[in-house]
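Here the structure comes first, spelled out in structure tokens, and everything after it is commentary.
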Amino acid sequence: MLGDFESAKMRGTAGKTVICAPFESSYRSKRSKKSVLLKKLLLVVCVSGFASMKGGGMLDRRLLEEGLAVIVSSRERTGDLWHAHYGAGAIAAYFWVRENRLTALAAGSVTAEAKAMLRQHGLNDGLNSRNGDVLPREEAEARITAALDRTIGELHWVGHQAIYGALSLKAIRELDGWGTEQDMDQMVELIDSFERTIPGRSWVNTTVKEIRSLKLSEADGFPDIERPEQLSRLILDELGAFRTIYQAEAHHDLIGHMLTYGHALNILFELDYPALFHKGIPPFLRMVKALRLSRDVDAELEIPTLQSPVDRLPLIRAERSVALPHELEYWLTDRRSRDWHGGHVFKFPFSFYHHARNGNSVPESWENFRYIIA
């Protein structure tokens, strides 16, 4: 399946014809206003997308710049850790387009949705959150990695300090430097604020108290993980092993964060921070072990236990996405009305496709992924 999406790329002028013509003709027989508008939208994206893709991808570095600005300003603007989701989502959108061979239409749709998200949740005072001299890239990275080293060895909020930190490092590396002294102060404060926080707030068949005391053992059957490829294979196997995926923060969303948390650790390894990768593996495996307790739940036959301030029993099976994110059809669904799932509409695909390239994905992992992204 991954091969199909990788092969759908443009090749010069011929690529323009192959990609654009089917979508134009598919709407030719439809007469509703909505269909006409969609046809116009597709043609605009098609033409503009082809022009942009010729340079190596529909890439807009402002997604990185504003994404970073949203992350560092999160606590100052909202008083909590979670507005940073939108910045992380924008960065994920940029790299998802860059690292995967999407059609021009799909790439254009991803970028357009990410920009729309930032118009709603980004900064109103321009791309740079602060005026001042930009720190050298090496200094910015050193400050972020030092902060990660203080928290990455424990499970806090299902790994969001690792997710924010790794995506920020990847963006700063791509930009060859970003951020003032004050920006880095706020980035460090954001990462440090995870210290002594809970593992997560929503769980099936376990509790926060139990997870805090959860220990790894040989009986868990986890493989030795020394490299990102091994971690990706484990994640794909774990994803594919769920019998049913339920629509709940404690289930489909938590499984999605298994993808992003593990991906964050892989990013750190790829950016030449292997010590952080290895330090982050044990708490990640504790989360996976906790997730296994909900792997075989059948809500029709048994009532699982649930600890969550937002989920409710009975658990409802998650909706299955007919389209996958590398397909244009996926982006024709209204993502804005659901607030882009807090940026996860970009982060979950970015992470899953990374693991699918890294490991040997199986049909079960692709099938269950559809229930994570609907």
ask   = Going through the distances and angles, do His326 and Asn100 end up as a side chain to side chain contact (heavy atoms under 4.5 Å, CB included)?
value = CA-CA 9 Å; His326 66 269; Asn100 296 282; over 6 Å; no
Working for side-chain hydrogen bond (donor to acceptor under 3.5 Å, both in side chains), residues Asn266 and Ser232 = CA-CA 8 Å; Asn266 283 356; Ser232 290; 3.1 Å; yes
ask   = Would Phe242 and Glu364 satisfy side chain to side chain contact (heavy atoms under 4.5 Å, CB included), going step by step from the backbone distance to the final call?
value = CA-CA 9 Å; Phe242 281 88; Glu364 292 81 4; over 6 Å; no
key: From CA spacing to verdict: side chain to side chain contact (heavy atoms under 4.5 Å, CB included), Leu234, Leu285   = CA-CA 10 Å; Leu234 171 67; Leu285 293 180; 3.6 Å; yes
task = Please assess Arg201 against Glu249 for the test side chain to side chain contact (heavy atoms under 4.5 Å, CB included), listing each intermediate value before the final yes or no.
result = CA-CA 9 Å; Arg201 67 179 184 174; Glu249 183 179 272; 2.7 Å; yes
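In Asp224, the CG atom is not crowded: 12 or fewer heavy atoms of neighbouring residues, nucleotides or ligands sit closer than 6.0 Å.
Residues Phe350 and His263 bring their aromatic ring centres within 6.0 Å. Taking the six-membered ring for Trp and the full ring otherwise, His257 and Phe348 have centroids separated by under 6.0 Å. Checked against a 6.0 Å centroid threshold, the rings of Phe346 and Trp96 do not count as neighbours.
Nearest approach of His251 to Thr244, heavy atoms of both residues: CE1-O, 3.2 Å. For Leu64 against Phe95, the heavy-atom pair with the smallest separation is CD2-CE1, 3.7 Å. Heavy-atom minimum distance, Trp203 versus Ala290: CZ3-CB, 3.9 Å. When all heavy atoms are compared, the tightest approach of Gly200 to Val208 is O-CG2, 3.1 Å. Among all heavy-atom pairs drawn from Trp331 and Pro325, the shortest one is NE1-O, 2.8 Å. Smallest separation of non-hydrogen atoms from Trp157 and Thr197: CD1-OG1, 3.5 Å.
Salt bridge present: Glu141 and Arg173 bring a charged side-chain N and a carboxylate O closer than 4.0 Å. Using a 4.0 Å cut-off between charged nitrogen and carboxylate oxygen, Arg320 and Glu367 count as a salt-bridge pair. Ion pairing of Glu154 with Arg286 is present here, as a side-chain N (NZ or NE/NH1/NH2) and a carboxylate O approach within less than 4.0 Å. With respect to the salt-bridge test (charged N to carboxylate O, under 4.0 angstrom), the residues Lys170 and Glu99 qualify.
The shortest side-chain heavy-atom distance between Arg143 and Glu181 falls under the 4.5 Å cut-off. You'll find the side chain of Leu68 reaches within 4.5 Å of the side chain of Leu175, heavy atoms only. Two residues are said to be in side-chain contact when any heavy atoms from C-beta on lie closer than 4.5 Å; Leu155 and Ile211 meet this criterion. Inter-residue side-chain proximity for Lys289 and Leu214 is flagged as met; some heavy-atom pair is nearer than 4.5 Å. Contact check for His355 versus Ser361: no side-chain heavy atoms found under the 4.5 Å cut-off. Counting heavy atoms from C-beta outward, Leu102 and Tyr353 have side chains that stay 4.5 Å or more apart. Side-chain contact between Thr333 and Arg335 is present, with heavy atoms from C-beta onward closer than 4.5 Å. Residues Val72 and Leu190 form no side-chain contact, since every pair of their non-hydrogen atoms from C-beta on lies 4.5 Å or further apart.
Annotation: the span from Arg150 atom CZ to Thr145 atom OG1 amounts to 9.5 Å, rounded to 0.5 Å. Met117 contributes atom CE, which lies 11.5 Å from atom CZ of Arg336 (distance to the nearest 0.5 angstrom). With rounding to the nearest 0.5 angstrom, the CG atom of Leu259 is 8.0 Å from the CG atom of Leu236. One finds the CG atom of Leu81 at 6.5 Å from the CZ atom of Arg75 (value rounded to the nearest 0.5 Å). Here the CZ-OG distance, from Phe352 to Ser365, works out to 4.5 Å after rounding to the nearest 0.5 Å. Distance check, rounded to the nearest 0.5 Å: CZ of Arg137 to CG of Leu169 gives 10.0 Å.
No path of Ile, Leu, Val, Met, Phe, Trp and Tyr side chains, each step under 4.5 Å between heavy atoms, connects Ile198 with Leu306, placing them in separate hydrophobic clusters. Note: the hydrophobic cluster containing Leu216 also contains Leu231 (ILVMFWY, side chain heavy atoms under 4.5 Å, direct or indirect links). Residue Val288 is grouped with residue Ile152 when hydrophobic side chains (ILVMFWY) are merged at heavy-atom distances under 4.5 angstrom, including chains of intermediate members. There is a path of hydrophobic side-chain contacts, each under 4.5 Å, that joins Val158 to Phe222. Val134 and Ile144 fall into different hydrophobic clusters, where Ile, Leu, Val, Met, Phe, Trp and Tyr residues are linked whenever their side-chain heavy atoms come under 4.5 Å apart, directly or through other members.
Figure legend: Arg62 and Tyr94 shown without cation-pi pairing, the cationic atom not lying both under 6.0 angstrom from the six-membered ring centre and within 45 degrees of its axis.
In this structure, the side chain of Thr111 does not engage the main chain of Gly108 through any donor-acceptor pair within 3.5 Å. Listed for the Tyr330 side chain is a donor-acceptor partner under 3.5 Å among the backbone atoms of Ile373. Panel note: side chain Asp253, backbone Ala248; no donor-acceptor pair is recorded below 3.5 Å. Looking at Gln230, its side chain does come within 3.5 Å of a backbone N or O of Arg227 through a donor-acceptor pair. Using a distance-only test at 3.5 Å, with no hydrogens or angles considered, no donor-acceptor pair links the side chain of Glu76 to the main chain of Ser73. Lys279 places a side-chain N or O within donor-acceptor distance of the main-chain N or O of Asp149, the cut-off being under 3.5 Å. Listed for the Thr103 side chain is no donor-acceptor partner under 3.5 Å among the backbone atoms of Glu327. Remark: side-chain polar atoms of Asp311 are not paired, donor with acceptor, to backbone N or O of Ser202 under 3.5 angstrom.
The side-chain hydrogen bond (donor to acceptor under 3.5 Å, both in side chains) with Tyr371 is formed by just one residue from the set Arg317, Gln247, Glu319; it is Arg317.
The aromatic rings of His121 and Tyr86 lie parallel to each other, their planes meeting at an angle below 30°, with 60° marking the opposite boundary. Between His160 and Trp82, the ring-plane angle classifies as perpendicular under the 30° and 60° cut-offs.
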May I have the list of side-chain donor-acceptor pairs in residues 295-302 shorter than 3.5 Å, sequence neighbours left out?
| residue | atom | partner | partner atom | Å |
| --- | --- | --- | --- | --- |
| Arg295 | NH1 | Glu238 | OE1 | 3.3 |
| Asp298 | OD1 | Glu300 | N | 3.1 |

